[in-house]
Amino acid sequence: QVQVVESGGGWVQTGGSLRLSCTASGRTFSRYAMGWFRQAPGKEREFVASIDSSGGDTLYADSEKGRFGISRDNAKNEVYLQMNSLKPDDTAIYYCAARSTSSAYRGTYGNWGQGTQVTVSS
């Protein structure tokens with residue numbers, strides 16, 4: 001199994017950008033699909049983006065298409081979420097998660113990080 005730790009959250013103004021990073025432990029990182037989720041105050045956790053184990057295929061929530069980009073570097077055991085044109089509705093705790101499957105996936109994940117806070121001010 002892999003363990004993941006998120007970083008890169010913070011405060012940004014509307015229209016700004018942030019890049020989140022997720023660092024995974026373990027030698028089998030390249031066998032895992034990775035996902036980003038978020039949970040806003042008072043709301044359920046929701047899918048943001050996923051990338052397959054090789055980095056060749058991605059999935060996005062409809063609301064993030066064109067604004068967010070997910071990528072990974074298997075040599076560094078890292079996955080990234082580049083977020084552009086941020087809006088106050090993007091304010092949430094962002095979680096990185098790993099799934100022991102090769103394909104990008106928007107459903108259930110088994111390995112979760114503690115999350116990183118992203119706050120977008122208007």
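Both backbone and side-chain heavy atoms feed into the values below; hydrogens, waters and symmetry mates do not.
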What is the ring orientation for Y109 with W112, classed by angle as parallel under 30°, tilted 30 to 60°, or perpendicular over 60°?
perpendicular

Counting distance only, does the side-chain N/O of R99 pair as donor-acceptor with the main-chain N or O of R106 below 3.5 Å?
no

Taking all non-hydrogen atoms of both residues into account, name the closest pair between A49 and Y60 and its distance.
CB-CD2, 3.6 Å

Has E6 got a side-chain atom pairing as donor or acceptor with Q114's backbone, closer than 3.5 angstrom?
yes

Taking the side chain as every heavy atom from C-beta outward, state whether L86 and F68 have any pair of such atoms under 4.5 Å apart.
yes

Strictly distance-based, threshold 3.5 Å: is any side-chain N or O of Q82 a donor or acceptor partner for the main-chain N or O of R19?
no

Residue pair N77 / R27, side-chain heavy-atom distance below 4.5 Å:
no

Would you say that W36 contacts S50 through its side chain, given a criterion of any heavy-atom pair below 4.5 Å between the two side chains?
no

Note, Q39 side chain near Y95 side chain (heavy atom, < 4.5 Å)
yes

Over 12 non-hydrogen atoms of neighbours within 6.0 angstrom of CD in Q1:
no

Least distance between heavy atoms, Q117 atom then A92 atom:
NE2-O, 3.4 Å

Is any side-chain heavy atom of Y32 less than 4.5 Å from a side-chain heavy atom of S53?
no

Return the minimal non-hydrogen interatomic distance between F29 and N74, and the atom names on each side.
CE2-OD1, 3.2 Å

S122 and P88 have their tightest heavy-atom pair at CB-CG, 3.9 Å

Looking at S25 and Q3, would you say the former's side chain and the latter's main chain have a donor-acceptor pair under 3.5 Å?
yes

D90 vs R38 side-chain heavy atoms within contact, under 4.5 Å:
yes

Is the side chain of T91 donor-acceptor paired with the backbone N or O of V120 at a distance under 3.5 Å, no angle test?
yes

Is the CZ atom of R67 crowded by more than 12 outside heavy atoms at less than 6.0 Å?
yes

Find out whether Q13 and S121 are in side-chain contact, i.e. whether some heavy atom of one side chain is under 4.5 Å from a heavy atom of the other.
yes

Validation row: V12, S17 side chains within 4.5 angstrom (heavy atoms):
no

